[in-house]
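Note that the numbering runs from 1 along the sequence shown for the chain. No experiment lies behind these values; they were computed from the predicted model shown. No hydrogens, no waters, no symmetry mates; every other heavy atom, side chains included, goes into these values.
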Amino acid sequence: MSVRVRRVYEPPEPDDGVRVLVDRLWPRGLKKEAARVDEWPKALTPSTELRRWYHAGEGSYEEFAERYEAELAAPQAAELLGHVRELATRGTVTLLTAATSPEESHTSVLARLLQT
């Protein structure tokens with residue numbers, strides 16, 4: 001199982017496998033053709049409320065990760081997480097984000113959950 005995390009603004013690479021955009025909003029200034037996104041499961045992304053709470057600096061990354069994992073337990077998100085996990089069992093999955101620090105964003109939580 002191979003799950004990678006990359007910024008969506010980086011050019012696609014041949015070994016990216018299935019490219020999954022895991023941001024709720026489309027990245028600014030990026031044309032859809034250039035992004036080469038294969039899937040965009042918006043319900044797998046943090047809720048607007050959680051995203052705003054975290055970006056306002058009201059809590060730690062650890063608390064954000066806990067709250068996000070709780071959101072991922074909801075039926076629709078859990079189903080999508082299972083789908084992406086299934087894709088990863090068949091080959092490489094690259095999680096794409098516009099976040100400037102993917103290691104402290106929801107993508108690192110997703111990557112960890114997908115590899116377990």
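Between Leu96 and Ala35, the closest heavy-atom pair is CD1-O, 4.4 Å. The heavy-atom pair separating Pro27 from Val8 by the smallest distance is CG-CG1, 3.5 Å. Shown here for Ala88 and Val3, the closest heavy-atom pair between the two residues is CB-CG2, 4.0 Å. Of all non-hydrogen atoms in Ala111 and Val5, the two that sit nearest each other are CB-CG2, 3.9 Å. Heavy atoms only, all atoms of each residue included: Glu63 and Gly59 are closest at OE1-CA, 4.2 Å. In terms of heavy-atom proximity, Gly17 sits nearest to Asp38 at O-OD2, 3.7 Å.
In this structure, His106 and Asp23 have side chains that are in contact, with non-hydrogen atoms separated by less than 4.5 Å. Considering only heavy atoms from C-beta on, Leu114 comes within 4.5 Å of Leu81 through its side chain. Looking at Val37 and Lys32, their side chains never come closer than 4.5 Å, going by heavy atoms from C-beta outward. Between Asp15 and Thr92 the shortest side-chain heavy-atom distance does not fall below 4.5 Å. At least one side-chain heavy atom of Arg19 sits under 4.5 Å from a side-chain heavy atom of Pro12. Using a 4.5 Å cut-off on side-chain heavy atoms (C-beta onward), Leu110 and Leu72 make contact. Residues Leu87 and Glu39 have side chains in contact (heavy-atom distance under 4.5 Å, counting atoms from C-beta outward). Residues Val20 and Pro41 meet the side-chain proximity criterion, which asks for heavy atoms closer than 4.5 Å.
Among pairs with a residue in residues 4-31, those fulfilling ring-ring contact (aromatic ring centres under 6.0 Å, His included) read Trp26-Trp40, at least two apart in sequence or across chains. Among residues at least two apart or in separate chains, ring-ring contact (aromatic ring centres under 6.0 Å, His included) pairs with a member in residues 43-63 are Tyr54-Phe64. A salt bridge (Lys or Arg N to Asp or Glu O under 4.0 Å) check over residues 42-52, counting only residues at least two apart or in different chains, returns nothing.
A donor-acceptor pair is defined here as one N or O able to donate and one able to accept, closer than 3.5 Å; such a pair exists between the side chain of Arg7 and the backbone of Ala99. Checking side-chain atoms of Gln76 against main-chain N and O of Ala43 turns up no donor-acceptor pair under 3.5 Å. Thr107 places a side-chain N or O within 3.5 Å of a backbone atom of Pro102 that can act as its donor or acceptor partner.
Under a cut-off of 6.0 angstrom, the local environment of CD in Glu79 is sparse, with at most 12 non-hydrogen atoms contributed by other residues, nucleotides or ligands.
Exactly one of Arg67, Arg24, Glu71 qualifies for a side-chain contact (heavy atoms from CB on, under 4.5 Å) with Pro46. That residue is Glu71.
Taking OG1 of Thr45 as the reference point, atom CG of Leu50 lies at 10.0 Å (rounded to 0.5 Å).
Every residue two or more places apart in sequence or in another chain that forms a salt bridge (Lys or Arg N to Asp or Glu O under 4.0 Å) with Glu10 is listed here: Arg6. By the salt bridge (Lys or Arg N to Asp or Glu O under 4.0 Å) test, Arg112 pairs with Glu69, sequence neighbours left out. For the salt bridge (Lys or Arg N to Asp or Glu O under 4.0 Å) test, no residue two or more places apart in sequence or in another chain qualifies with Arg28.
Grouping the Ile, Leu, Val, Met, Phe, Trp and Tyr side chains by contacts below 4.5 angstrom, directly or via other members, places Leu44 with Val93. Linking Ile, Leu, Val, Met, Phe, Trp and Tyr whenever their side-chain heavy atoms come within less than 4.5 Å puts Tyr68 and Leu113 in one cluster.
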